[in-house]
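Inspection log for the structure reproduced underneath, given as structure tokens.
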Amino acid sequence: MQPTDGFTHDLVVIGGGGHVGLPLAIAFAAEGCSVLIYDVSERAVAQVNDGQLPFDEPGAADKLTAAVESGLLRASNDPAVVGSAENVVVVIGTPVDEHLNPDPQAIPRALRGCSEYFRDGQLVVLRSTVFPGVTRLVEQMLSDLGRKVQVAFCPERIAEGRAMTELYSLPQIVSGRDQDTRDRAARLFRRLTSQIVELEPEEAELAKLFTNSWRYIKFAAVNQFYMIADNRDLDFERIRQALAQDYPRAADMPAAGFAAGPCLFKDTMQLAAFNDNNFALGHAAMLVNEGLPLHVVGRLADEHDLSTCTVGILGASFKAGSDDTRSSLAYKLKRILGFKARHVLMTDPYVTTDPDLVPLERVLAESDVIVVATPHPEYRGLVVDKPFADVWNVLARAAT
Ligand SMILES: NC(=O)c1ccc[n+]([C@@H]2O[C@H](COP(=O)([O-])OP(=O)(O)OC[C@H]3O[C@@H](n4cnc5c(N)ncnc54)[C@H](O)[C@@H]3O)[C@@H](O)[C@H]2O)c1
């Protein structure tokens, strides 16, 4: 790929030091594109330029080192780099606030911070998951600045931990106000994947939110089933496996477990806010999924006097095999237990950012009761010789 019109780089990724921006930047560089990262995090920028991944992402480390060594990838805290590239991809975080309100100005605000560097002829690709209408806001904002740029919305759909395969295997949804913009965005993403799906911007914004809300609601359905069964001392997983056996209409029923992380909950709340809080299924899903740790502790308290117990929590990250603790329900569990139990210990084989974590052996030795918060592969089949709560069904019971 050769940058055109006096640009020195093919693309710049704004927010490219983050969990999805960095794998994307690495993937484009691995395909021969010259890539810049603009990120406000000095730590992330320094680590990337050192060839170090700031977080776990399987398959990304070697490609990052190679991309930095070849000169195809460089990170910067200087917004001026935005002016160097023909394509500007925006993938900053879009969290909801503590009252679950989305911030439709998050992306426009970030872009205003580097607005003086936008140049005529650029393609601006919004890739964050946005509150519907943000693409139009950005189009208006850039037009008000007098910039002749094209704006596309091309949502990121990878799951953390699978970025370096899914960036190449998932179809890419491409949206833009006109065919020329969509064609230009499609040409960019064809560097990674052959399948392009076109939508209008407003359709694509909803497509992303519908996808994440759908997953969140599905997890809530099984988590509610789990609680119904568990309240009657019945094993939900045994029931689930039996009902799905050679029965295709139930084959997609997921297992129960903590539905957490930086996307599903907040995107369901973004969709609810977009629909004037009229999203009964989304709000019900929130109550069920966020209620599961309370249910787990309630059931433990039925059986044990927690005020005299040390409770050990296995897992801190929001999902198996990950070091990402953002919006992890393991920490909600810890907070609830911190109020009810004599002592709480937590362990995780991947997380390196929490100084309060202790080794697994210590948790197993000192705890009176164990709770599995994250189904890390390391816990599969682990033999535990004390009472435990295991929504995920990963532990084995010691022979008695
Ligand atoms: N995490 C996922 O699995 C996933 C999957 C698909 C889509 N998404 C969406 O992608 C977006 C990014 O998510 P993430 O998990 O990578 O977030 P993140 O917090 O890991 O990364 C965001 C990055 O943006 C940087 N940043 C913030 N404000 C900035 C600014 N004004 N200018 C430049 N850089 C800035 C941050 O320093 C950070 O490095 C969100 O909209 C999210 O919903 C995430």
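Any value given below was found using the heavy atoms of this structure, including those in side chains, with hydrogens, waters and symmetry copies removed. Positions are given from 1, in the same order as the sequence printed here. One-based numbering, in listed order, for ligands and for the atoms of each.
With hydrogens and angles ignored, the 3.5 Å screen pairs a side-chain donor or acceptor of Arg299 with a backbone N or O of Asp230. Side chain of Thr374 to backbone of His376: no donor-acceptor contact under 3.5 angstrom is found.
Between Phe55 and His19, the two ring planes are parallel [angle under 30°; tilted spans 30° to 60°]. Classified by interplanar angle (parallel below 30°, tilted 30° to 60°, perpendicular above 60°), the ring pair Phe131/Phe274 is perpendicular.
With hydrogens left out, the protein atom closest to atom 21 (O) of ligand 1 is Gly18 CA, 3.2 Å, a heavy atom. In terms of protein heavy-atom proximity, atom 31 (N) of ligand 1 is closest to Ala110 CB, 3.4 Å. For atom 19 (O) of ligand 1, the nearest protein heavy atom (residue, atom name, distance) is Arg326 NH1, 3.5 Å. The single protein non-hydrogen atom nearest to atom 5 (C) of ligand 1 is Ile158 O, 3.3 Å, given as residue, atom name and distance. Ranking the protein heavy atoms by distance from atom 38 (C) of ligand 1 puts Asp39 OD2, 3.5 Å first. Of all protein heavy atoms, the one lying nearest to atom 1 (N) of ligand 1 is Glu160 OE2, 2.9 Å. Looking at atom 13 (O) of ligand 1, its nearest protein heavy atom turns out to be Val20 CG2, 3.9 Å. Nearest protein heavy-atom neighbour of atom 24 (O) of ligand 1: Gly15 CA, 3.3 Å.
With a heavy-atom cut-off of 4.0 Å, Ser128 touches ligand 1 through backbone and side chain alike. No part of Arg127 comes within 4.0 Å of ligand 1, judged by heavy-atom distances. Contacts of Glu42 with ligand 1, taken as heavy-atom pairs under 4.0 Å, are absent altogether.
Checking Asn212, Thr94, Asp324, Ile92 against atom 11 (C) of ligand 1, the nearest heavy atom belongs to Ile92. When Val130, Thr129, Asp267, Val13 are ranked by how near their heavy atoms come to atom 8 (N) of ligand 1, first place goes to Thr129. Atom 26 (N) of ligand 1 has its nearest heavy-atom neighbour, among Val40, Val90, Ile107, in Val40. When the options Gly16, Pro23, Gly17, Gly93 are ranked by their closest heavy atom to atom 22 (C) of ligand 1, first place goes to Gly93. The closest non-hydrogen atom to atom 7 (C) of ligand 1, taken over His19, Glu156, Lys319, Arg112, comes from Glu156.
Residue-ligand proximity, Ser41 to ligand 1, at heavy-atom distances under 4.0 Å covers atoms 37 (O).
Ligand 1 has at least one atom lying under 4.0 Å from a heavy atom of Lys266. Under the 4.0 angstrom criterion for non-hydrogen atoms, Arg109 is not in contact with ligand 1. By the 4.0 Å heavy-atom criterion, Cys263 is counted among the residues contacting ligand 1.
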Item checked: Candidate pair Asp354 and Tyr331, rule side-chain hydrogen bond (donor to acceptor under 3.5 Å, both in side chains), full reasoning -> CA-CA 11 Å; Asp354 181 350; Tyr331 282 91; 2.6 Å; yes

Margin query: Applying side-chain hydrogen bond (donor to acceptor under 3.5 Å, both in side chains) to Asp178 and Thr181, what does each step give before you reach the verdict?
Written below: CA-CA 5 Å; Asp178 53 53; Thr181 304; 2.7 Å; yes

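The environment of Lys340 atom NZ is sparse: at most 12 non-hydrogen atoms of other residues, nucleotides or ligands sit within 6.0 angstrom.
Under the 3.5 Å distance criterion, with hydrogens and angles disregarded, no donor-acceptor pair is assigned to the side chains of Ser41 and Asp39. Between the side chains of Gln122 and Arg119, no donor-acceptor pair of N or O atoms lies under 3.5 Å.
Of the residues listed (Leu364, Leu300, Asp390, Leu345), the one engaging Ile370 in a side-chain contact (heavy atoms from CB on, under 4.5 Å) is Leu364, and it is the only one. Of the options Val13, Val82, Leu36, a side-chain contact (heavy atoms from CB on, under 4.5 Å) to Val88 is made by Val82 and by none of the others.
Residues Leu22 and Glu57 are not in side-chain contact: their nearest non-hydrogen atoms beyond the backbone lie 4.5 Å or more apart.
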